[in-house]
Amino acid sequence: MPTLPSPVTRPSVRTPPATPFTSVQLGDLVARFAEQRGLWLPHVRFESPDRYYTRLEHSESHEVWLLSWLPGQGTDIHGHGGSRGAFTVVRGELTESVFPPTAHRRHPKPRKLLTGTARTFGPRYIHQVTNEAVAPAVSIHAYSPPLSTMSYYRQLHDGRLVTDP
């Protein structure tokens, strides 16, 4: 019986981790997606009771999502698990409330985001987004690194946030 050659030991090759996008780069990315309606328009759907969402692009460094919002739909107060992000409204109107770190006592003033409005944010951003308008809305979101976890909060009467388990 012939002997097999011993296996060749190759040095391990470590692929460097993907470089995360900056908030500005994510803002540019959602703007490019917004301009290319053919990339996202075929994916628009409106569902009830929960909003519809679908991932449009994914890599080791980032991801891009399309979200659709019927009137009255929205998110809980949340953070993005250390990821940077950006989003733009491509149809309709959304309302965003931005919250300070959890120990602060403040009730944020909601801000209307009309079609074409974009927001960029860093890794410690906490907000809530809702469709308080009478018409459906659509937005495009990008995160880097891709979302692996999210944090949810509730606001106490005195304005502080507490983590919602």
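Just so we're clear, the structure is a prediction, and the values are computed from it rather than from any experiment.
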Please walk me through it: do V64 and H141 pass side chain to side chain contact (heavy atoms under 4.5 Å, CB included)?
CA-CA 6 Å; V64 179; H141 302 243; over 6 Å; no

Can you check side chain to side chain contact (heavy atoms under 4.5 Å, CB included) on R119 and V98, steps first, answer last?
CA-CA 11 Å; R119 302 285 284 147; V98 178; 3.6 Å; yes

Take E63 and E57, measure what side chain to side chain contact (heavy atoms under 4.5 Å, CB included) needs, and give me the verdict at the end.
CA-CA 5 Å; E63 62 185 346; E57 183 172 280; over 6 Å; no

Show the numbers, then the answer: is there a side chain to side chain contact (heavy atoms under 4.5 Å, CB included) between H62 and L29?
CA-CA 10 Å; H62 72 283; L29 181 61; 3.5 Å; yes

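The CZ atom of R51 sits 11.5 Å away from atom CG of L70, with the distance rounded to the nearest 0.5 Å. Rounding to the nearest 0.5 angstrom, the gap separating the OG atom in S151 from the CG atom in D76 is 12.5 Å. Within the model, atoms OG1 of T95 and NZ of K112 stand 3.5 Å from one another, a figure rounded to the nearest 0.5 Å. The OG1 atom of T130 lies 11.0 Å from the CD atom of Q73; values are rounded to the nearest 0.5 Å. One finds the CG atom of L114 at 15.5 Å from the CZ atom of R91 (value rounded to the nearest 0.5 Å). Atoms CZ and OH, from R45 and Y53 in turn, are 14.0 Å apart once rounded to the nearest 0.5 Å.
Across every non-hydrogen atom of G92 and T115, the tightest pair is O-OG1, 2.8 Å. The shortest non-hydrogen separation linking F21 to S61 is CE1-OG, 3.3 Å. Closest approach of A137 and L94 over heavy atoms only: CB-CD2, 3.8 Å. Between Y52 and H43, the shortest heavy-atom distance links the atoms CE2-O, 3.2 Å. Pairing each heavy atom of A34 with each of V90, the nearest pair is CB-CG1, 3.6 Å. When every heavy atom of P20 is checked against every heavy atom of S144, the shortest pair comes out as CA-OG, 3.3 Å.
No donor-acceptor pair under 3.5 Å is formed between the side chain of H107 and the backbone N or O of R160. Judged by distance alone, the side chain of T163 and the main-chain N or O of Y153 form no donor-acceptor pair under 3.5 Å. The closest donor-acceptor contact from the side chain of Q25 to the backbone of T22 lies under 3.5 Å.
Partners of P108 under the side-chain contact (heavy atoms from CB on, under 4.5 Å) rule, at least two apart in sequence or in another chain, are S97, F99, R106, Q155.
At a threshold of 4.5 Å between non-hydrogen side-chain atoms, the residues I77 and L161 count as touching. Considering only heavy atoms from C-beta on, L67 comes within 4.5 Å of S139 through its side chain. The closest side-chain heavy-atom distance from V162 to L156 is below 4.5 Å.
In the hydrophobic cluster analysis, where Ile, Leu, Val, Met, Phe, Trp and Tyr join through side-chain heavy atoms closer than 4.5 angstrom, V138 is grouped together with L39. L56 and W65 are assigned to two separate hydrophobic clusters, defined by single-linkage of ILVMFWY side chains at heavy-atom distances under 4.5 Å. Taken together through direct or relayed side-chain contacts under 4.5 Å among Ile, Leu, Val, Met, Phe, Trp and Tyr, Y152 and L147 form part of one hydrophobic cluster. The cluster map of Ile, Leu, Val, Met, Phe, Trp and Tyr, joined by side-chain heavy atoms under 4.5 Å apart, puts V129 and V30 in different clusters. Placement of W69 and L113 within a single hydrophobic cluster is found when ILVMFWY residues are connected by side-chain heavy-atom separations under 4.5 Å, directly or transitively.
When each of D28, I140, L66, T88 is tested with F33 by the rule side-chain contact (heavy atoms from CB on, under 4.5 Å), just one qualifies, namely I140.
Aromatic ring orientation, Y125 versus H80: parallel (interplanar angle below 30°, classes split at 30° and 60°).
For an aromatic pair to be called close, the ring centres must be under 6.0 Å apart, and H127 with F121 satisfies this.
Salt-bridge annotation for E96 and R111: absent, with no side-chain N of the basic residue lying under 4.0 Å from a carboxylate O of the acidic one.
More than 12 heavy-atom neighbours from other residues, nucleotides or ligands sit within 6.0 angstrom of CZ on R55.
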